[in-house]
Participant: 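Would you mind keeping the following structure in view while I ask a few things?
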Amino acid sequence: MKILVCISHVPDTTSKINFTDGDTKFDTNGVQYVINPNDEFGLTRAMWFKEKQGASVDVVNVGGPETEPTLRKALAIGADAAIRVNTEATDGFVVAKQLAKVVEDGNYDLIIAGRESIDYNGAMVPGMLATLTGANFVTNCISLEIDGDKAVAVREIDGGKETVNTSLPLVIGGQKGLVEESDLRIPNMRGIMMARKKPLNVLEPVEADAKTSSVSYEKPAPKGAVKLVDADNIDELVNLLHNEAKVI
């Protein structure tokens, strides 16, 4: 089984976010980047298939040279090879088009992507990728088992879970629950040294026109001052919740 894990290069959630050029561009100065958490769950599950079922695992990213440290981390975790499509990830459609070309050329059986990236939260790439490649698709995936060319996936739905029987080729949008957080892997020294010798192939992009563009960015409004209400003054608390906070 050939597995391709899609890796997004995203800001660490502890980084301070700022914008430049009149709030039209993201300021990357001083920002630390990591593997998108949803993708990391998928990568860890792919490592299980590699170790238990002998699957081969490649990782892919759409982006410039600045994303290569993130790909190298994925290699240090255990992926066999990395692919970087050398173009800016301008929108979800552009990314999906580039990934579709990689999938078709590599003849992958299982494509694991995160449900969404934590920077733009678009949640559109996995679905478009499945459509472009003609693969089956399960998103919000929290469990995945493969037996031959058959797959059993569990996904979160409103109010519960749904179990889906499907077949390969398959694209999943993974999330927390696909593996336990305690199962996530930290690269060790041996893995880091081996990652330096593993192939990282740079591909030129196929032609694709962005379908969306960002006009401007703005930070959330600062939180207002906290009002403390005496525990014995229930009437005042109800009044504030009803007339000021408007939550009851």
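In what follows, every heavy atom counts, from backbone to side chain, and hydrogens, waters and symmetry copies are set aside.
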Participant: Mind jotting down which residue pairs meet the side-chain hydrogen bond (donor to acceptor under 3.5 Å, both in side chains) criterion with at least one end in residues 189-201? Sequence neighbours excluded, please.
Facilitator: none

Participant: CD1 of Ile186: more than 12 outside heavy atoms within 6.0 angstrom?
Facilitator: no

Participant: In Å, rounded to the nearest 0.5 Å, how long is the span from OG1 of Thr133 to CG of Leu4?
Facilitator: 10.5 Å

Participant: Within a radius of less than 6.0 Å around CD of Glu180, do more than 12 heavy atoms belonging to other residues, nucleotides or ligands occur?
Facilitator: no

Participant: Applying the 4.5 Å side-chain criterion to the ILVMFWY set and letting contacts propagate, would Val206 and Leu203 be lumped into a single cluster?
Facilitator: no

Participant: Start with the C-alpha gap between Asn165 and Lys150, add the side-chain angles, then the distance that decides, and say whether side chain to side chain contact (heavy atoms under 4.5 Å, CB included) holds.
Facilitator: CA-CA 8 Å; Asn165 292 317; Lys150 303 299 182 183; over 6 Å; no

Participant: Pairs in or reaching into residues 126-142: which pass salt bridge (Lys or Arg N to Asp or Glu O under 4.0 Å), with residues at least two apart or in two chains?
Facilitator: none

Participant: Closest heavy-atom contact between Ile118 and Pro37?
Facilitator: CD1-CD, 3.7 Å

Participant: Are Arg115 and Ile172 close enough that some pair of their side-chain heavy atoms sits under 4.5 Å apart?
Facilitator: no

Participant: Among all residues two or more places apart in sequence or in another chain, which pass the salt bridge (charged side-chain N to carboxylate O under 4.0 Å, His left out) test with Glu181?
Facilitator: Lys176

Participant: Taking everything shown except Gln32 itself, do over 12 heavy atoms lie less than 6.0 Å from its CD?
Facilitator: no

Participant: What pair of heavy atoms forms the shortest contact from Leu144 to Cys141, and how long is it?
Facilitator: CB-SG, 4.3 Å

Participant: To the closest 0.5 Å, what do you measure between CD1 (Ile7) and CG (Asn36)?
Facilitator: 8.0 Å

Participant: Quick check: do Ser167 and Asn136 have side-chain heavy atoms less than 4.5 Å from each other?
Facilitator: yes

Participant: Are Val60 and Val94 connected into the same hydrophobic cluster when the rule is that any two of I, L, V, M, F, W, Y join if their side-chain heavy atoms are below 4.5 Å apart?
Facilitator: no

Participant: Can you list everything that forms a ring pair (Phe, Tyr, Trp, His ring centres under 6.0 Å) with Phe19? Sequence neighbours excluded, please.
Facilitator: Tyr217

Participant: Have a look at Pro11 and tell me which of Val31, Thr28, Val34 forms a side chain to side chain contact (heavy atoms under 4.5 Å, CB included) with it.
Facilitator: Val31

Participant: Using a side-chain heavy atom cutoff under 4.5 Å and only I, L, V, M, F, W and Y, what cluster partners does Val229 have?
Facilitator: Ile234, Leu237, Val238, Leu240, Leu241, Val247, Ile248

Participant: With sequence neighbours excluded, what pairs up with Lys219 under the side chain to side chain donor-acceptor pair (under 3.5 Å) test?
Facilitator: Asn18

Participant: Run the numbers on Val215 and Thr24 for side chain to side chain contact (heavy atoms under 4.5 Å, CB included), then give the verdict.
Facilitator: CA-CA 6 Å; Val215 176; Thr24 61; over 6 Å; no

Participant: Is the closest basic N to carboxylate O distance between Lys97 and Glu207 below 4.0 Å?
Facilitator: no

Participant: For residues 230-239, which residue pairs pass the side-chain hydrogen bond (donor to acceptor under 3.5 Å, both in side chains) check, not counting sequence neighbours?
Facilitator: Asn239-Asn243

Participant: What verdict does the side chain to side chain contact (heavy atoms under 4.5 Å, CB included) test give for Arg155 and Gln175, after you've listed the backbone C-alpha separation in whole Å, the side-chain angles of each residue and the deciding distance to 0.1 Å?
Facilitator: CA-CA 9 Å; Arg155 70 186 191 102; Gln175 64 176 60; over 6 Å; no

Participant: Hydrophobic clusters here meaning ILVMFWY residues chained together by side-chain heavy-atom distances under 4.5 Å, can you tell me if Phe137 and Val103 are in one?
Facilitator: yes

Participant: Could you tell me which residues satisfy side chain to side chain donor-acceptor pair (under 3.5 Å) with Asp21, sequence neighbours excluded, listed by chain and number?
Facilitator: none

Participant: For a quick check under 3.5 Å, do Tyr120 and Asp91 share a side-chain donor-acceptor pair by atom type?
Facilitator: no

Participant: Measure from NZ or CZ of Arg45 to the centre of the six-membered ring of Phe49, then state whether that distance is under 6.0 Å and the direction lies within 45° of the axis.
Facilitator: yes

Participant: Does a donor on one side chain and an acceptor on the other come within less than 3.5 Å for Thr67 and Asn61?
Facilitator: yes

Participant: Side chain to side chain contact (heavy atoms under 4.5 Å, CB included) for Val164 and Val154? Distances and angles first, verdict last.
Facilitator: CA-CA 6 Å; Val164 179; Val154 179; over 6 Å; no

Participant: As a test of understanding, state which of Leu99, Val171, Thr139, Thr131 forms a side chain to side chain contact (heavy atoms under 4.5 Å, CB included) with Pro126.
Facilitator: Val171

Participant: Nearest 0.5 Å, what's the CD1-CG distance between Ile146 and Leu170?
Facilitator: 6.0 Å

Participant: Could you grab the distance from atom CD of Glu116 to atom CG of Asp39, nearest 0.5 Å is fine?
Facilitator: 10.5 Å

Participant: According to salt bridge (charged side-chain N to carboxylate O under 4.0 Å, His left out), who are the partners of Glu68, at least two apart in sequence or on a separate chain?
Facilitator: Arg84

Participant: Look at the side-chain heavy atoms of Ile, Leu, Val, Met, Phe, Trp and Tyr, link any pair under 4.5 Å apart, and say whether Val10 and Ile17 land in one connected group.
Facilitator: no

Participant: To check you understand the geometry: which heavy-atom pair defines the closest contact between Ala96 and Met128, and what is its length?
Facilitator: CB-CB, 3.8 Å

Participant: Begin with the C-alpha distance, continue with both residues' side-chain angles, and end with the deciding distance and a verdict on side chain to side chain donor-acceptor pair (under 3.5 Å) for Asp23 and Ser216.
Facilitator: CA-CA 6 Å; Asp23 292 337; Ser216 65; over 6 Å; no

Participant: Regarding Asp183 and Thr44, is there a side-chain donor-to-acceptor distance under 3.5 Å anywhere?
Facilitator: no

Participant: Given the rule that I, L, V, M, F, W and Y join up when any side-chain heavy atoms are under 4.5 Å apart, are Met193 and Leu200 in one cluster?
Facilitator: no

Participant: Nearest 0.5 Å please: distance from the CD1 atom of Ile77 over to the CZ atom of Arg185.
Facilitator: 8.5 Å

Participant: If we only count heavy atoms from C-beta on, is the Ser143 to Leu178 side-chain gap below 4.5 Å?
Facilitator: no

Participant: Would you find more than 12 non-hydrogen atoms of other residues, nucleotides or ligands less than 6.0 Å from Lys2 atom NZ?
Facilitator: yes

Participant: Within a strict 4.5 Å, meaning less than it, do heavy atoms of the Ile112 and Cys6 side chains meet?
Facilitator: no

Participant: Which pairs count as side-chain hydrogen bond (donor to acceptor under 3.5 Å, both in side chains) when at least one residue sits in residues 70-79, sequence neighbours excluded?
Facilitator: His9-Thr70

Participant: Under the salt bridge (charged side-chain N to carboxylate O under 4.0 Å, His left out) rule, collect the residues that match up with Glu88, sequence neighbours excluded.
Facilitator: none

Participant: In this structure, are over 12 heavy atoms from other groups packed under 6.0 Å from Glu145 atom CD?
Facilitator: yes

Participant: Indicate yes or no: at least one non-hydrogen side-chain atom of Phe93 is less than 4.5 angstrom from one of Met124.
Facilitator: no

Participant: Mind checking the CG-CD1 spacing from Asp109 to Ile3? Nearest 0.5 Å is all I need.
Facilitator: 8.5 Å

Participant: Taking only residues two or more places apart in sequence, or in another chain, which ones meet Thr14 in a side chain to side chain donor-acceptor pair (under 3.5 Å)?
Facilitator: Asp12

Participant: Met47 pairs by side chain to side chain contact (heavy atoms under 4.5 Å, CB included) with which of Val179, Val57, Val5?
Facilitator: Val57

Participant: Is there side-chain contact between Leu71 and Val59, with heavy atoms separated by less than 4.5 Å?
Facilitator: yes

